Amino acid sequence: MRHGHSHGHGHGHGHVPGQPADAPTTTFLDDIVSRDGELKRWGTHADGTAKVHTRFPPEPNGYLHIGHSKSICLNYGLALRNKGKFNLRFDDTNPAKEEQEYVDAIKRDVKWLGADFENGPAAGGVFWASDYFEKMYDYAMDLVNKGLAYVCELSGEEVSKRRGTPSVPATSPFRDRPIAESQRLFKEMREGKHPTGAMTLRAKIDLASPNFNLRDPVMYRILHEEHHNTGKAWCIYPMYDWAHGIEDSLEGITHSICTLEFENHRPLYDWFINSINQSRAEKIHHSQQIEFAKLQITYILLSKRNLLKMVQSGTVRGWDDPRMPTICGFRRRGYTSESIRAFCDDVGVTRTESLIDIGRLENACRDHLNKVAPRRMAVLDPVKVVIENYPEGQVEEFEAVNNPEDESKGSRLVPFSREIFIDRDDFMENPPKKFFRLAPGTEVRLRAAYWIKCVGIEKDANGNITLIRCTYDAATRGGENPPPGPDGVQRKVKGTIHWVSAAHAVNAEVRLFDRLFKVEEPSKATGNYVDDLNPDALKVVANAKIEPSILQIGKDEPAWADGIRRFQFERTGYFALDADSKPDAKPAALVFNRTVSLKDTWAKIADKA
RNA sequence: UGGGGAUUAGUGUAACGGUAGCACAACUGAUUCUGGCUCAGUUAGUAAAGGUUCAAAUCCUUUAUCCCCAGCCA
């Protein structure tokens, strides 16, 4: 259905009418794939469908972020939809920046996202650019032999000076040196006979090109550094432009998908492969580079350099700080991979640069968690309520629904007693008109328990409410409506609030996250993200009160694939149990991260007033 | 200044010469033992100007605005 011939040209993005909600989404990339299929450009499977082989090629020099997830999802999705393959490839051509730690984290994150490169229908495997160094060297020497590359002894600084301007060509005094000399020097470069930076191998293209990428770009530089994969085997390393097309070629990649800033590199990508193929009997595979607009999201900074800085400067607690836009940050915060995938699907893939509202990511998360997260009651900012007409020492257990979205999840028992906690937000001494919660003289429903009415409050010397006195109506047991009065009038209650029995409450630390930046486009105004940091991005609640069922793993809890327990704390938001928790300690030490709050229309009303 | 791209409601995204649609946001209302979810509805768009055509978001011309490019980073 991906080509959607049943609805016009049908290459539209979005769900195909008449298909299940999780039906594949198509993009302009699918158009290209289907056109290639018609032209049999890359060959076909037995059933006539076009061959598709994609890859995700991160450099292991940092952690993956939400922007990468767009690339991962689109590459994996394209392969999956077209019965193709998807490779994970480490583009490890710069030993100065790359580390094993990043390799491990990237593998973990790509897998978590669901782009399984090792198992499953689209698994293509794990590859390394560094495994191709020998082949790349051979091809480079081939270009030297053909007079298409030369060794240049200009220093980096000199190259920069001689780069020229749009109207002034670049220059290099080494451009026309004899082929034999370049052959010898390139060999010497490899053999380590020259120090770092002494010379480079350059492609001989066009020093006057208005596209600076074609002004004899560097193919190899000397770097006397140990590589995390090849160790000391090499002291020359290929540049991205030279390496990437060869990597794609060797892996049989059909569609080499990258971001828009590489558009100016495409002529170079093609020039390199064509030059290798020049007068070659057996041509090497030439994959097609296609660019798309990278993901940008409001209030989020997505640049590896800056993320690294935030980690190193201690602005956040690490790469997986729940406030970080890294994949591991979102995971720790409680986001599900399903919701990130849904988000990527939602924003689509185009060549138009856009800025996505962070709310759409939050919505995707709420959407998924609403369906699957077990409900619990938790009071984040507790204030004590005494129910004066409820017998001292008595405990009742009420059945509370585990997930109104999923009846099969059943219900659990929640203990109730004379003293309970409610959230401070759910009481107002002088409420405005539309306040439906507890206030002096008004009545609310305690979820799954009783209706209570406020009959008095106590305050400390500073005027803070320390205690709320209430009475309950025994006829509302289980939260049910009481029978109609003698006049036949059904008494009603506008609000239902959550609560936790004081004697049974489990203490927990709750971490409330806000956006890391105060402005939609961090660092845009001053060029320095530090100016835009939100100092209140983390609020820690030390003594939240949670219903006791939280200590056991409930029958209603899903078998979370990543092992992270997630809940909806009713009327508050979605929360995930953090790895800092010590559930087996006595008493248990629980730490919850607020993944995302529930939508709060009351807050909106209150803000307006 | 040279080259390469982009431009459809507030934000994204469809429509590939033939009815400008969808999602999210916003706003109404209904429903509700979560001010959640759900449901119903409303608002709102082809950057501008010319041209070709029976017909233009789509083709042509000009203009405007935005993004990318002068690393031995990727």
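This one's a predicted model, so the numbers in the text were calculated from it and none came from an experiment. Within every chain, numbering begins at 1; the chains are lettered A, B, ... in the order of the sequence lines, protein sequences first and strands thereafter.
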Which salt bridge (charged side-chain N to carboxylate O under 4.0 Å, His left out) pairs, counting each pair once, include a residue from residues 202-211 of chain A, with sequence neighbours left out?
D176(A)-K204(A)

Restricting to salt bridge (charged side-chain N to carboxylate O under 4.0 Å, His left out), what partner residues turn up for E153(A), sequence neighbours left out?
R177(A)

Compare side-chain N and O positions of T352(A) against OP1 and OP2 of U7(B) and report whether any pair is under 4.0 Å apart.
yes

Encode nucleotides 64-74 of chain B as B, S and - characters from 5' to 3', where the letter depends on protein heavy atoms closer than 4.0 Å: B to the base, S only to sugar-phosphate, - to neither.
---SBSBSBSB

R477(A): what forms a salt bridge (charged side-chain N to carboxylate O under 4.0 Å, His left out) with it, not counting sequence neighbours?
E396(A)

Touch class at under 4.0 angstrom, heavy-atom based, for I605(A) against every strand present
base

Spacing of E520(A) atom CD relative to U11(B) atom C1', expressed in whole Å:
10 Å

Remember a base hit wins even if backbone is also touched, and classify R375(A) as base, sugar-phosphate or nothing at under 4.0 Å, heavy atoms.
base

Euclidean distance, atom CZ of residue F436(A) to atom P of U34(B) [Å, nearest integer]
13 Å

Describe the nucleic acid contact of R445(A) in one word from base, sugar-phosphate, nothing, applying a heavy-atom distance below 4.0 Å.
base

With a 3.5 Å cut-off and heavy atoms only, can you find an N or O donor on one side and an acceptor on the other between the side chain of R366(A) and the base of G36(B)?
no

With sequence neighbours left out, what residues match R375(A) under salt bridge (charged side-chain N to carboxylate O under 4.0 Å, His left out)?
none

Those residues that, when tested against Y150(A), pass ring pair (Phe, Tyr, Trp, His ring centres under 6.0 Å) (two or more places apart)
none

Taking atom P of U13(B) as reference, at what distance in whole Å does atom CZ of F292(A) sit?
13 Å

Would a distance-only check, ignoring hydrogens and angles, find a side-chain to backbone donor-acceptor pair under 3.5 Å from S155(A) to E158(A)?
yes

Rounded to the Å, how far apart are K492(A) NZ and U32(B) C1'?
12 Å

Nucleotide by nucleotide, nucleotides 23-30 of chain B touches protein heavy atoms under 4.0 Å in the pattern (B base, S sugar-phosphate only, - none) BSSSS---

D131(A): what forms a side chain to side chain donor-acceptor pair (under 3.5 Å) with it, not counting sequence neighbours?
none

Heavy atoms from other residues, nucleotides or ligands near CD of E407(A) exceed 12 (cutoff 6.0 Å):
no

Quick check on G71(B): syn or anti? Syn means the glycosidic torsion is within 90 degrees of zero.
syn

Can you list everything that forms a salt bridge (charged side-chain N to carboxylate O under 4.0 Å, His left out) with R571(A)? Sequence neighbours excluded, please.
D426(A)

Please determine whether a side-chain nitrogen or oxygen atom of T350(A) lies at a distance below 4.0 Å from atom OP1 or OP2 of U13(B).
yes

Classify the ring geometry between F567(A) and F569(A) as parallel (under 30°), tilted (30 to 60°) or perpendicular (over 60°).
parallel

Mapping E405(A) and I356(A) onto RNA chain B by nearest heavy atom, which one lands closer to the 5' end?
I356(A)

Taking both distances under 3.5 Å as the test for a Watson-Crick or G-U pair, what stems of at least three pairs does RNA chain B have?
B:2-7 with B:64-69, B:10-13 with B:21-24, B:26-30 with B:38-42, B:47-51 with B:59-63

Considering residues at least two apart in sequence or located in another chain, which fulfil the ring pair (Phe, Tyr, Trp, His ring centres under 6.0 Å) criterion with W451(A)?
none

Please enumerate all residues that pass ring pair (Phe, Tyr, Trp, His ring centres under 6.0 Å) together with H227(A), with sequence neighbours excluded.
F133(A), Y237(A)

